[in-house]
Amino acid sequence: QAQVVESGGGSVQAGGSLRLSCAASGTTIGRSCMGWFRQAPGKAREGVAAIYSRDGSTFYADSVKGRFTISKDNAKRTLYLQMNGLKPEDTAMYYCAAGINDYGGVSYCASANYYAYWGQGTQVTVSS
């Protein structure tokens with residue numbers, strides 16, 4: 001059965017770094033979009049970063065551009081999110097997601113609507 005499992009969350013001070021990992025299993029998972037989303041208490045879920053597996057193109061939310069980097073190790077079937085320069089406003093539960101269908105480009109990867117599998121989430125807390 002296909003699934004994704006996140007790891008790597010934790011607590012850091014502002015300016016610190018964390019790397020999240022997402023291990024994917026299943027024969028069809030991750031052939032199109034894989035991405036990271038986050039949700040803070042009382043706020044809507046938002047797309048943080050995503051990668052389109054066909055060509056490696058990436059999407060980043062404006063709030064994380066220049067600080068976060070998404071990458072994918074196809075051999076290990078693992079997605080990563082390197083987070084540098086963390087800010088208190090980055091505090092949230094971070095979710096990994098993987099799509100099945102190919103909608104044709106990274107622009108679709110920014111939307112949660114195009115993902116079929118979701119992890120349980122890993123908490124990231126940034127203190128000031």
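Positions are given from 1 along the sequence.
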For Tyr52, which residues count as a ring pair (Phe, Tyr, Trp, His ring centres under 6.0 Å) partner, sequence neighbours excluded?
-> none
Carboxylate-amine/guanidinium proximity below 4.0 Å for Asp62 and Lys65 | yes
Using every non-hydrogen atom in the two residues, find where [X] and [Y] come nearest and quote the distance to one decimal.
X: Cys22; Y: Val4; value: SG-CB, 3.6 Å
X: Cys109; Y: Ala50; value: O-CB, 3.4 Å
X: Ser127; Y: Pro88; value: C-CG, 4.5 Å
X: Tyr115; Y: Gly35; value: CE2-N, 3.6 Å
X: Asp55; Y: Ser57; value: OD1-OG, 2.6 Å
X: Ala92; Y: Gln123; value: O-NE2, 3.4 Å

Mind checking the [atom1]-[atom2] spacing from [X] to [Y]? Nearest 0.5 Å is all I need.
X: Leu81; Y: Ser21; atom1: CG; atom2: OG; answer: 9.5 Å
X: Gln120; Y: Ser7; atom1: CD; atom2: OG; answer: 13.5 Å
X: Leu86; Y: Leu18; atom1: CG; atom2: CG; answer: 5.5 Å
X: Ile70; Y: Tyr80; atom1: CD1; atom2: OH; answer: 12.5 Å

Does the [X] side chain pair with the main chain of [Y], one donor and one acceptor, at a distance under 3.5 Å?
X: Thr122; Y: Tyr94; result: no
X: Thr91; Y: Val126; result: yes
X: Gln82; Y: Thr69; result: no
X: Arg67; Y: Gly85; result: yes
X: Tyr114; Y: Ala98; result: no
X: Thr125; Y: Ser11; result: no

Do [X] and [Y] come within less than 4.5 Å of each other through their side chains, counting heavy atoms only?
X: Ser32; Y: Ser53; value: no
X: Asp102; Y: Arg54; value: yes
X: Val48; Y: Phe37; value: no
X: Val124; Y: Leu20; value: yes
X: Arg38; Y: Tyr95; value: no
X: Met34; Y: Lys72; value: yes
X: Phe59; Y: Ile51; value: no

For the residue pair Tyr103 and Tyr108, categorise the inter-ring angle as parallel (less than 30°), tilted (30 to 60°) or perpendicular (more than 60°).
-> tilted
Single-linkage hydrophobic cluster, 4.5 Å side-chain cutoff, Tyr60 and Val106 together | no
Which residues pass the side chain to side chain donor-acceptor pair (under 3.5 Å) test with Gln39, sequence neighbours left out?
-> none
Looking at Trp36, does the NZ or CZ of Arg45 lie under 6.0 angstrom from its six-membered ring centre and within 45 degrees of the ring axis?
-> no
Side chains of Asn84 and Ser17: do they bring a donor and an acceptor to under 3.5 Å?
-> yes
